Every structure is written in C-alpha cells, then in structure tokens.
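Below is one structure, written out as structure tokens; the observations come after it.
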Protein chains: 2
Amino acid sequence: MGKESIEGTAKILNLLGNETRLSMMGLLLINDCCVCEFVDIFKMSQPAISQHLRKLKDVGLVTEQKKGQWVIYSLNRETTYFSLIQDILNHIPDQKEKLIWLEQQGLKISCN
Amino acid sequence: MGKESIEGTAKILNLLGNETRLSMMGLLLINDCCVCEFVDIFKMSQPAISQHLRKLKDVGLVTEQKKGQWVIYSLNRETTYFSLIQDILNHIPDQKEKLIWLEQQGLKISCN
DNA sequence: TATGTATATAAGCAATTAATTATATAATAA
DNA sequence: TTATTATATAATTAATTGCTTATATACATA
C-alpha cells in the first residue's frame, strides 16, 4: 500500500472536507463534468464552482481539458493520492442520482 | 460497505484535514494517549492540544477516560465512521516512531 | 462584426480556524 | 493546608475559507 506523507494527506483531506468538493469528486468518479453542469447541480454561482475546481486542480486531483466553449474536468487517476480518494469515495453514497437529475432537467452537456 | 452521508463524511474529513489531528488519530490507533503526551509529541501548547481533542471528541471519533490526574484518550472503534478512519490511516506512515521517541525521552506516561 | 455563452480571476467580506495567553478546576504530593 | 501537576475553558487574534460581485477572456453563433 502506498503511504503518503501526513502533510500531503492532511492537505487532501482538508480539500475533501467540504461537501461541495467531496460531491464533485464523487461525480467525477462516474462522469467527466464541465463547469456549468456543476453550477446546475450545486445551484451555486459559477465563480464559486470555478474556485472549488481550481483548488482540486492545484493539488492535482483533477485535470481539465478544453472542448469548444466548455472546460471539461476529469479525475486524475494518475495522482499518488488516487487510491486514497477511491477509498474515501467508497464511503459516500453514489452520486449518480445527481447526474440523473441533471439529465432529466435537460441540462446534461453533450460535448463528446 | 457502510455508506455515510456526504455531510457527515465531509465533516470528518475536514477534521482529519489537519496535520496534528490526523497524526493524533494515527497515534491513537496504536496506543491510548493522554493530553500531556500529545503536548510533548507535537511541541504545542496544552490548550491547543486540548482543543484539537475536543473537536475529535465532539464528533465521536475519540473517547476520554479519567485515570488519576490524567485524561486518557482512545479511538472510538464503535463510531459508524471507524471503517473510513481505518481506510484513511492506512494511507499515512505508521506513527509508531513518535511513540518510540516519547519513550526514549522518558516522557511516556504509564497510567495503566 | 456584434452578441451571447462558458469560464477564470480579482477584490471584498463575513465566518471559521488554529493558535495564543490567562484563568479555572481537579487530583496528587509535600 | 499549600504547592504542583494535568487538564479544560474563555477571550483574543491572525490567517484562512467560501462565498459574493465585478470584470476579463475566449469561443460560438447570428
């Protein structure tokens, strides 16, 4: 089992210790998402969402990829913290329902 | 696998998202500890240590037990979050070295 | 080209955090 | 009893957080 430093792990846990970011990670485990989808799901301002994503990106937990006018965020499955992330997300309810709701509202972006 | 709510899990992660508290939990996984041992290990003021322990106690992650003039803290292995805690602590280095250091300094309290 | 949409960033602000110092309480020892 | 030790709590403070609003940029489309 890969052991990470206390400092690094604490930093990651601190980031995931926020309901919005934790749920974002749960969503990204199922599906890549763009910023505007998160805005609809969390009913939160676009800058607030962008700032949460920035924090996740800064520690390497997610990656971004431009697709037309959208920016698609994905889980970074290469980070040394990915197995920790998986273990943690295993303990929260499946976030699929939020994606289903998004589709039902006709808000799912299809940029693939 | 027991799933806990996003809110509850985020709260726990937020608490463990602090280097001192995360290390405390790693230590308690090996050994019960009293406040003054934590003070020596973390070289932090006694009130600061007490306040960290208070937070862990408030969410039920640890329990306390008075033994003479000492207050001994233990991991609460009954909480529904214990398996999450175990999974997380599995990802950090063994905290045993801190206990060994404590013993070498002659600071280990023997209140058993 | 002008307009609208998606996103990022900056500035500001209220709430929270993590420490400190000072003080109180409880148990032990002289 | 008095002093010492272990701990908790309160008040204070500086730093951080998580939002807001305002603005800038980039792309898409009419």
Side-chain angles (χ1 to χ4, degrees), chain A residues 6-7 10-25 28 32-59 61-74 102 105-112, chain B residues 6-7 10-25 28 32-59 61-74 102 105-112:
Chain A
I6 288 270
E7 311 89 71
K11 176 69 186 161
I12 299 298
L13 297 178
N14 186 263
L15 279 177
L16 298 196
N18 170 282
E19 223 176 300
T20 302
R21 287 190 297 262
L22 182 59
S23 181
M24 279 177 162
M25 293 294 284
L28 290 176
D32 290 354
C33 289
C34 70
V35 179
C36 59
E37 289 174 327
F38 284 130
V39 169
D40 292 328
I41 288 171
F42 295 111
K43 294 168 185 62
M44 197 175 285
S45 75
Q46 175 268 314
I49 295 295
S50 277
Q51 285 159 21
H52 282 305
L53 288 167
R54 180 69 143 78
K55 289 180 184 182
L56 294 175
K57 198 187 65 172
D58 280 351
V59 295
L61 291 184
V62 305
T63 58
E64 60 179 27
Q65 161 196 11
K66 199 143 201 174
K67 264 255 171 78
Q69 60 190 318
W70 296 287
V71 177
I72 314 298
Y73 282 85
S74 313
L102 195 69
Q105 305 297 308
L107 295 170
K108 193 94 170 40
I109 303 297
S110 45
C111 29
N112 310 312
Chain B
I6 288 269
E7 311 90 70
K11 175 68 184 162
I12 299 298
L13 297 178
N14 186 263
L15 279 178
L16 298 198
N18 170 282
E19 222 175 300
T20 303
R21 286 190 297 262
L22 182 58
S23 182
M24 279 176 163
M25 294 294 285
L28 290 176
D32 292 353
C33 289
C34 69
V35 180
C36 59
E37 289 173 327
F38 284 130
V39 170
D40 291 328
I41 288 171
F42 296 112
K43 294 170 185 62
M44 196 175 286
S45 74
Q46 174 269 314
I49 294 295
S50 277
Q51 285 158 21
H52 281 306
L53 288 167
R54 181 67 143 78
K55 289 181 185 183
L56 295 175
K57 198 187 66 173
D58 280 351
V59 296
L61 292 185
V62 304
T63 59
E64 59 179 26
Q65 164 197 7
K66 198 142 200 173
K67 265 253 172 78
Q69 60 190 318
W70 295 288
V71 177
I72 312 299
Y73 282 84
S74 314
L102 195 68
Q105 305 298 308
L107 295 169
K108 192 96 169 43
I109 302 298
S110 45
C111 30
N112 310 311

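Labels below follow one simple rule: chain letters A, B, ... track the order of the sequence lines, proteins then strands, and each chain is numbered from 1. Source: prediction; values computed, not measured.
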Any chance you could lay out the side-chain contact (heavy atoms from CB on, under 4.5 Å) test for A:L107 and A:E37, step after step, and finish with the verdict? CA-CA 7 Å; A:L107 295 170; A:E37 289 174 327; over 6 Å; no

Provide, to the nearest angstrom, the distance between the [atom1] atom belonging to [X] and the [atom2] atom belonging to [N].
X	N	atom1	atom2	value
B:N14	D:dT16	CG	P	16 Å
B:M44	C:dT21	CE	C1'	16 Å
A:L107	C:dT5	CG	P	14 Å
B:L15	D:dT17	CG	P	15 Å
B:K43	C:dA18	NZ	P	20 Å
B:N18	D:dT16	CG	C1'	13 Å
B:K11	D:dT17	NZ	C1'	14 Å
A:L22	D:dT17	CG	P	17 Å

In Å, rounded to the nearest 0.5 Å, how long is the span from [atom1] of [X] to [atom2] of [Y]?
X	Y	atom1	atom2	answer
B:C33	B:W70	SG	CH2	14.0 Å
A:H52	A:M25	NE2	CE	13.5 Å
A:K55	A:T20	NZ	OG1	10.5 Å
A:I49	A:R54	CD1	CZ	15.5 Å

Under 4.0 Å, heavy atoms only, any strand: does B:E19 hit a base, just the sugar-phosphate, or nothing? nothing

So A:Y73, base contact, sugar-phosphate only, or nothing? Heavy-atom distance under 4.0 Å. sugar-phosphate

Where along residues 50-59 of chain A does a heavy atom fall under 4.0 Å from DNA chain D? A:Q51, A:H52, A:K55

Heavy-atom closest pair (A:I72 atom, A:C34 atom, distance to 0.1 Å) is CD1-CB, 3.8 Å

Report the residues that fulfil side-chain contact (heavy atoms from CB on, under 4.5 Å) with B:T63, sequence neighbours left out, ordered by chain and then residue number. B:S74, B:N76

Under 3.5 Å: donor-acceptor pair, side chain of B:R21, backbone of B:L16: no

Walk me through whether B:L28 and B:F38 qualify under side-chain contact (heavy atoms from CB on, under 4.5 Å). CA-CA 10 Å; B:L28 290 176; B:F38 284 130; 3.8 Å; yes

Each nucleotide of nucleotides 22-30 of chain C classed B (base within 4.0 Å of a protein heavy atom), S (only sugar-phosphate) or -, in 5' to 3' order, makes B----SS--

OP1 or OP2 of D:dC19 sitting under 4.0 Å from any side-chain N/O of A:S45? no

